[in-house]
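Quick one: structure below, then a few questions.
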Amino acid sequence: MAALGLAASGGNWFSALALGVTLLKCLLIPTYHSTDFEVHRNWLAITHSLPVSQWYYEETSEWTLDYPPFFAWFEYALSHVAKYFDQEMLNIHNLNYASAKTLLFQRFSVIFTDILFVYAVHECCKCIDGKKAGKELTEKPKFILSVLLLWNFGLLIVDHIHFQYNGFLMGLMLLSIARLFQKRHMEGALLFAVLLHFKHIYLYIAPAYGIYLLRSYCFTANKPDGSVRWNSFNFVRLISLGLIVFLVSALSLGPFLALNQLPQVFSRLFPFKRGLCHAYWAPNFWALYNALDKVLSVIGLKLKLLDPNKIPKASMTSGLVQQFQHTVLPSVTPLATLICTLIAILPSIFCLWFKPQGPKGFLRCLILCALSSFMFGWHVHEKAILLAILPMSLLSVGKAGDASIFLILTTTGHYSLFPLLFTAPELPIKILLMLLFTVYSISSLKTLFRKEKPLFNWMETFYLLGLGPLEVFCEFVFPFTSWKLKYSFLPLLLTSAYCAVGITYAWFKLYVSVLTDPPVSKTKKQ
Amino acid sequence: MEKWYLMTTVVLIGLTVRWTVSLNSYSGAGKPPMFGDYEAQRHWQEITFNLPIKQWYFNSTDNNLLYWGLDYPPLTAYHSLLCAYVAKVINPDWIALHTSRGYESQAHKLFMRATVLIADLLIYIPAVVLYCCCLKEMSTKKKVANALCILLYPGLILIDYGHFQDRYNSVSLGFALWGVLGVSCHWDLLGSLAFCLAINYKQMELYHSLPFFCFLLGKCFKKGLKGKGFVLLVKLACTVVASFVLCWLPFVTEKEQTLQVLRRLFPVDRGLFEDKVANIWCSLSVFLKIKNILPRHTQIKISFCFTFLSLLPACIKLILQPSPKGFRYTLVTCALSFFLFSFQVHEKSILLVSLPVCLVLNEIPFMSTWFLLVSTFSMLPLLLKDDLLMPTVVTVVAFFIACATSFSIFEKTSEEELQLKSFSVSVRKYLPCFTFLPRVIQRLFLMSAITMVLLTLMTVTLDPPQKFPDLFPVLVCFVSCLKFLFFLVYFNIIIMWDSKSGRNQKKTD
């Protein structure tokens, strides 16, 4: 305790920030937790009490294991600590078991594994050369960046209230980004390969890694005009990269290959049986598409252009059905979303290949990959927006333009997470934390870039301010109106449509800035 | 203010911590037949809403005073009535006469917690923010850091949002803070009005009344009793009387009403102390059962004499040399004297000492932080009874880190920074080798921190021996009491020697 105090008093603001947020996480322990809590408890039980060969076959609970093997091993390791807390939680048949000790253990396991995230943020702060600003601590880019990452609203509510293990996974991602910035490419690649075998959602950003490592690591030199010098290809580097990926994959999937279970594992990892959108539409292109469909069908009914009997009942009564059927616009297939996603990612990949701008360019491409997949992916969760928000924080302290995009993306993205917490005691927490993060991020970045042009134009300001009335309407006015029973989906629809506009706008703006940015002139760098 | 956003952030952090703590259990949750302080609050809403004002303080078939009878001044009752009106709109069952007794539900808990947060947001937090903005000779960043530390003080948060104290402390303390603010900024009338409201909200605020009285009296003397000073005195007297009459309006018309309210407010028959309090009488009773040996009226006399004697020097000093700084320190010593020596003290009354200590946090960060930690520790038995171990530990560590980071307290232990320079100089006239004070204080802090951590660990993990079931609570109180005595001496030394150095400085100027 005294040592802790001494560390804090020695002007070490970083540890104070990290400790502060850790304490806040501890305070969030008694809050509401979603079914994900039971999911992870069930995985603990599966990995603890069954042999490896049955991990991906077990289905006593509806929450079957659907993460890659490393995550299963991670749960396995956790379960060996868990048995000292409460043996009962490791019983597969103890469905929905949530004793006080189980709660404590699970919550603390998230808080504890976040240490990796804190370390990654520390490393990121070292390698980011933000804008040179005033001497005061609170105006330093490093300070602002570490607050933006450590105190990230989305991570706080998704991990520590809703319950998931995104913290240390994001930590792995940030750490591998930091390693690439530090020119430790092999380590970066290793970390990312490991990350992929923890949670396969990170496949979204794999193209950026692949192309960047190939272009800027395997090719060691460029022509004077910036295009690739084909004869500078370094075979050893490519082979060592391949070896890393191969070894990690072998370690992860090898046992299942040996057991001849690979198809079963993959069918668990990629369940295409689910619908286009999650129960609550993630604010992406498809949310706008669905909303447009609804509006058109309502108009069509009013104008008697549509036959009411032909409209599928489910689509009109609620938006909460998993299988959403379009009435006016054509329905969307998984293949269509895949093609859309690929088309959306492609320009950024080309940009990374033909206009390499070092690690910064890679970071931009990574964010674009994450955002494009979020925009057009099949069955996207609203939480996936964090995949774009966290890396975007790194860019935000560097340039005023990026800061502006970051703020729009973050504020709308975070707001779109609000429906995750729908219980009354958590309402003040989410509003307070959101205000805390938003006020801080907007004001500190404004202070950082106060000498440049304002971060928002009138339209963007108006849009962001609109989130306030939207929240008031959805959570304070709507429940007391008579529409509550008839149109129970309305708040969710409004939220996701409104946020989708902002996120699409941010995506578009980021794309434009990446494509139009002049390549970094070599002379400037030298 | 250019850095308003930092202040906003700090306030939001304070609010978030408050709300997260309030998700935990409260006193007397699910413990019939008496429940706890939470039920008292709810019961008062029921009483004030359903009974005519004349019956609030009287025992009747509808108002059993033995079951959490109203024992706070009228302003508290009005506040209960206001809350009751809101409760009526949401769910009339919450305040139905008789049938609502012991009502508990998730929604009701949420409602009660929300009333605390709103009261806090309206009264206490603005006062703290304004106070920190009014501090002189400080950078904006320091002001913000100061506000953060005050808002994170764990004692108040845990008692108001965890335990659910008899009437929202943040309201009475907030009014008192407005009073301090007003008096220090030369808005004497507004200040005294705010302080009268504080007293009328919670009679415990009388702990603070003497410094207010002495400071204002000293101001009048300074201006000359024959001229401006007299005018000010009359104005102040009128304000105080008017505000009191206004608050007591329904009760002053009949003598019986007034007497009954007073009897309820000062229940002399409840004994020298209750439960385990970290004051002198409770600690002495480990060796000597004063409660049983001496008759009650002797106890009252003794406690009165001790209290009076211990706060006399500081008060006289304040009348003779009124200064905002001296005023703040006198507030600390007076409240501490009352807490240590007076009759019928609750363990939660330490909050009344903590508030003025928070106000001197920026002047003597090391000692203030130490005191605030001890004050929270002294309430440990109470907090453990309410199942608040986790939030207690977390908020205490958070507060400690906030103080340590924003004031770097461990580097501020020189004589000057402990405000002991003039004292040591005068002692050195007789004892030239008297240079070890800062080191001694550092050692004491270390020892105190270790005992606090150890005692907490023991209380939580060990079962007390069967012979002494109260062993740990008594130990906690005893240890805290010793520390409070040390702090009483320390703060008195500051007051006594500070004025001298102040005069010297003026001479040299």
Cut-off 4.5 Å, heavy atoms of chain A, and the answer for B:L110 is side chain
ask   = Do B:F399 and B:I157 have side chains that get closer than 4.5 Å, going by heavy atoms?
value = no
Please confirm whether A:F105 and A:F85 have ring centers closer than 6.0 angstrom.
yes
Under the salt bridge (Lys or Arg N to Asp or Glu O under 4.0 Å) criterion, do A:E139 and A:R450 qualify, and how do the steps go?
CA-CA 11 Å; A:E139 288 179 17; A:R450 64 182 153 225; 3.1 Å; yes
Note to self: Counting the benzene-type ring for Trp, do A:F422 and A:Y32 have ring centres under 6.0 Å apart?
What the structure shows: yes
Applying a strict 4.5 Å limit to non-hydrogen atoms, the region of B:A398 in contact with chain A is both
Would you please indicate if the ring centroids of A:F437 and A:F153 are separated by under 6.0 Å?
-> no
| said: Do the side chains of A:E471 and A:K430 get close enough for a salt bridge, i.e. N-O under 4.0 angstrom? | reply: no
Most heavy-atom pairs under 4.5 Å with chain B, out of A:T22, A:L28, A:L104, A:L435, belong to A:L435
Turns out that what part of B:L117 lies under 4.5 Å from chain A's heavy atoms comes down to neither
Under 4.5 Å to a heavy atom of chain A? For B:T9 that would be both
Whatever's closer than 4.5 Å to a heavy atom in chain B on A:I431 counts as neither
Whatever's closer than 4.5 Å to a heavy atom in chain B on A:S444 counts as both
